[in-house]
Amino acid sequence: KQERGRMWETEDLNEHKDSEKKHKEKEKTKHKDGSSEKHKDKHKDRDKEKRKEEKVRASGDAKIKKEKENGFSSPPRIKDEPEDDGYFAPPKEDIKPLKRPREEDDADYKPKKIKTEDLKKEKKRKLEEEEVSKETVALGGLEERYPEGIKWKFLEHKGPVFAPPYEPLPENVKFYYDGKVMKLSPKAEEVATFFAKMLDHEYTTKEIFRKNFFKDWRKEMTNEEKNIITNLSKCDFTQMSQYFKAQSEARKQMSKEEKLKIKEENEKLLKEYGFCIMDNHRERIANFKIEPPGLFRGRGNHPKMGMLKRRIMPEDIIINCSKDAKVPSPPTGHKWKEVRHDNKVTWLVSWTENIQGSIKYIMLNPSSRIKGEKDWQKYETARRLKKCVDKIRNQYREDWKSKEMKVRQRAVALYFIDKLALRAGNEKEEGETADTVGCCSLRVEHINLHPELDGQEYVVEFDFLGKDSIRYYNKVPVEKRVFKNLQLFMENKQPEDDLFDRLNTGILNKHLQDLMEGLTAKVFRTYNASITLQQQLKELTAPDENIPAKILSYNRANRAVAILCNHQRAPPKTFEKSMMNLQSKIDAKKEQLADARRDLKSAKADAKVLKDAKTKKVVESKKKAVQRLEEQLMKLEVQATDREENKQIALGTSKLNYLDPRITVAWCKKWGVPIEKIYNKTQREKFAWAIDMADEDYEF
DNA sequence: AGCACTGACTCAGAAACGTCTCA
DNA sequence: GTGAGACGTTTCTGAGTCAGTGC
């Protein structure tokens, strides 16, 4: 059984103090210079370095990686096309702003596409029985139009939308320090409002959050403010907080017209900035709005939570577009940091974020050609793994016996990745992020070995925090050889030592690359998720069930995958209540049904005596009523089961990222389930390529 | 030559938002 | 017919993976 919980939510005081202490030590060594570019000067932990050295020694024999291709199932056939054949910038007038962009888009661009792809189209058309309008997203090797690594030939966009400027609070909203009213400078006030807006959130009670916030807030204060405000606990943000609550309340209470006006403004913004031209398509951009300033909310026990995420200015922004495109103009009085023309990447805009020093991007929507193609490619790689997975499994089982420690560790790790769908587990910089692990970065403290547990032999108990600090807890019986190996790996180690001290993701992936071109650790997740869906669907779908029951089967298959991938969610706040509501509905329905049955019975009795047409008719209608109620009851019960089973499981992530959509499409076609029942509008847009491609015989 | 760094991309759950349903 | 709450959808942005590059 999967248990959910974030360590830090339940951690006891001692642990808390410990992590605090650790963090303070980090701070001391790290922040001496006080520069704002601290993230650049990487802090090296002594232990970590030692560990790394060991690994280095052990991995000296790494094989030289062979030349890597782009992971296509078939090598891309590169057609030599004249540069300007079809890759012109579509004249502006052609790009009509649209209310329902996607559909009309297709109509807009189809003609051009057909022009540029005459031959391919013709071939395709023969294969197609269905809507031609979806062709724009049909893939069938669009990539081959580009030489290796080239992502586009023409790219034009309007640049990002910046966060709205700060609006100072009205005079009557006061801030108090130590019980006394205090007027803050605009900059200090802005940062204070970030905190005030989060006052109801658990974050603001956390020591690290408060400390980080206060430190960064003070940087924004004037000298006088700095002198006065020395203790966060003496700050009273309640008026600010109430003001924002009132504002959001007011927003909810707005009249229809006002709401409509806002909606229209948003649509206008989307129309203008939400699309770009990539080659001869108008494509939706995923995140064209720049992240507004605020307080950093890391997940889990993040050492940087509460730090100030600064406002991004045009001067921070790098614009990427093609040379022959119109460069977006920066807001008046501002300049871009840089304009570049790099067609080996897919992003339109980038900037460097100040918390981790990492780069953020503006990229295209999942429905775009460039994302869809990549997605399709991912599943094709996973399907190639299907063909050789048996061989690979035999190989790593052999490797459990290897004389070389490194090989054994690699083999056991790969076994976990395959069997349990664990993530690869890159090393992370200590003190920069929450302490989470994946397979290669598992530590001794994360597993417990039980030679026997609950009647099973050789059980490994996993308990660690994975991505997003989601807890992975699982007791797994493993093969004896694995168990013995784990015992060996753990010998003479401290709890905080790496379990696989001779292994990292680089070594593992290099090895995988040798086993199959394009194979990496995460392909196993995709493969196992998709193959599980396919198997489960086969197993669970009962041919003569009705549609709701079929959908339940689908959800159950989906759920099996979500459990495998450990996709969890916090139980909805209203879960208990809504469950009870549903139960009372079921009870009511049962009562109705009992009544209806009684009515039917008496009607039948009447009919026996009277034998006239009228009473017969009554019997018929009562029969129908019973039937209808039975159906309704079943539907409700199905719903209840589904919901109960879904309490802590998030289906969305696997559906969106791990399950080959063609399996779903095929299943829908086979059983006559409308695709809309499984995929909503957005999902259908994202998977348009699959809906177009797969027929009911599709096999993953 | 080897590996640390980092850029570019996918994947992740929470929160905000919109819509539907039921009293 | 209406309004509140439930529930599905969309947005947001943080957290991973992985390979290329530059020291």
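As the structure is a computational prediction, the values presented were derived from the model and not from experiment.
- We find that CD of A:E427 is positioned 11 Å from P of B:dC5, with the value rounded to whole Å.
- Note on A:H567: every side-chain N or O is 4.0 Å or more away from OP1 and OP2 of B:dC11.
- In this structure, A:N680 and A:A434 both approach DNA chain C, and ranking their closest nucleotides by distance from the 5' end singles out A:N680.
- One can place CD of A:Q356 at 8 Å from P of C:dG14, the figure rounded to the nearest angstrom.
- Between the CG atom of A:L503 and the P atom of C:dC18 there is a distance of 12 Å, rounded to whole Å.
- A:T664 and A:Y554 form a side-chain donor-acceptor contact under 3.5 Å, judged by distance and modelled atom types alone.
- Contacts of A:G425 with the nucleic acid, taken as non-hydrogen atoms under 4.0 Å apart, involve only primed sugar atoms and P, OP1 or OP2.
- Residue A:N287 places no side-chain N or O under 4.0 Å from the OP1 or OP2 atom of C:dC12.
- Within 4.0 Å (heavy atoms only), A:G506 reaches no atom of the nucleic acid at all.
- Candidate nucleotides C:dC18, B:dT10, C:dT10 were compared by shortest atom distance to the side chain of A:T682, and C:dT10 ranks first.
- Nucleotide C:dA19 holds its P atom 12 Å from the CG atom of A:D514, rounded to whole Å.
- Sequence order on DNA chain B of the closest nucleotides to A:R340 and A:K686 puts A:R340 first from the 5' end.
- Using a 4.0 Å heavy-atom criterion, one finds that A:K309 contacts the sugar-phosphate atoms exclusively.
- When the nucleotides C:dA19, C:dT9, B:dG7 are ranked by their closest atom to the side chain of A:Y361, B:dG7 comes out on top.
- The side chain of A:F296 lies closest to C:dA15 when the candidates are B:dT10, C:dA15, B:dA14.
- Look at A:R684 and you won't find any side-chain N or O under 4.0 angstrom from OP1 or OP2 of C:dT9.
- The aromatic ring centres of A:H567 and A:Y658 sit less than 6.0 Å apart.
- Here the C1' atom of nucleotide C:dA15 and the NZ atom of A:K467 are 5 Å apart, to the nearest Å.
- Closest to the A:T520 side chain, of the nucleotides C:dT11, C:dC18, B:dA8, is C:dC18.
- Here A:P366 lies out of heavy-atom contact (under 4.0 Å) with every strand.
- Between C:dA15 and A:H302, a contact under 4.0 Å exists linking OP1 or OP2 to a side-chain N or O.
- Side-chain contact between A:L442 and A:F462 is present, with heavy atoms from C-beta onward closer than 4.5 Å.
- Here B:dT19 presents its P atom at 11 Å from CG of A:L260, a figure rounded to the nearest Å.
- Within the 4.0 angstrom heavy-atom criterion, only backbone atoms of the sugar-phosphate kind lie near A:T346; the bases stay farther away.
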Test A:F296 against A:H302 for ring pair (Phe, Tyr, Trp, His ring centres under 6.0 Å), laying out the working first.
CA-CA 10 Å; A:F296 177 78; A:H302 197 117; 4.9 Å; yes
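- Considering only the side chain of A:A521, C:dC18 comes nearest among C:dT11, C:dG16, C:dC18.
- Atom CD in A:E267 sits roughly 11 Å away from atom P in B:dG18 (whole-Å rounding).
- The base of C:dC18 has none of its N or O atoms less than 3.5 Å from a complementary donor or acceptor on the side chain of A:K522.
- Checked against B:dA8, C:dA15, C:dT11, the side chain of A:R284 finds its nearest nucleotide in C:dT11.
- Both A:I290 and A:L519 lie close to DNA chain C; mapped to their nearest nucleotides by heavy-atom distance, the more 5′-ward contact belongs to A:I290.
- Between A:N657 and B:dT10, a side-chain N or O to OP1/OP2 separation shorter than 4.0 Å is absent.
- Side-chain proximity of A:K360 to the nucleotides C:dT10, C:dG14, B:dG13 is greatest for C:dG14.
- Remark: aromatic rings of A:F209 and A:Y203 are close, center separation under 6.0 Å.
- DNA chain B is contacted by both A:I359 and A:S654; A:I359 maps to the nucleotide lying nearer its 5′ end (nearest heavy atom per residue).
- For A:A650, the listed nucleotide lying nearest its side chain is B:dG13; candidates were B:dA15, C:dC18, B:dG13.
- Taking only side-chain nitrogens and oxygens, A:Y658 comes nearer than 4.0 Å to OP1 or OP2 of B:dA12.
- Of the side-chain N and O atoms in A:K151, one or more sit less than 4.0 angstrom from OP1 or OP2 of B:dC9.
- Of all nucleotides listed (C:dT13, B:dA15, C:dT10), B:dA15 comes nearest to the side chain of A:R297.
- Atom CD of A:E429 and atom C1' of B:dC5 are 10 Å apart (whole Å).
- The closest side-chain donor-acceptor pair between A:D501 and A:Q409 falls under 3.5 angstrom.
- Contact annotation: A:R423 reaches the phosphate of B:dA12 (side-chain N/O to OP1 or OP2, under 4.0 Å).
- A sub-4.0 Å separation between OP1 or OP2 of B:dG18 and a side-chain N or O of A:K263 is absent.
- Picking from B:dC11, C:dA19, C:dG14 the nucleotide with the shortest atom distance to the side chain of A:E291 gives C:dG14.
- Nucleic acid contact class of A:T436 (heavy atoms, under 4.0 Å, all strands): sugar-phosphate only.
- Here A:W152 pairs with nothing under the ring-ring contact (aromatic ring centres under 6.0 Å, His included) rule; sequence neighbours left out.
- Within 4.0 Å of A:R251, counting heavy atoms only, lies no atom of the nucleic acid at all.
- With contacts defined as side-chain heavy-atom distances shorter than 4.5 Å, the pair A:R299/A:K467 does not qualify.
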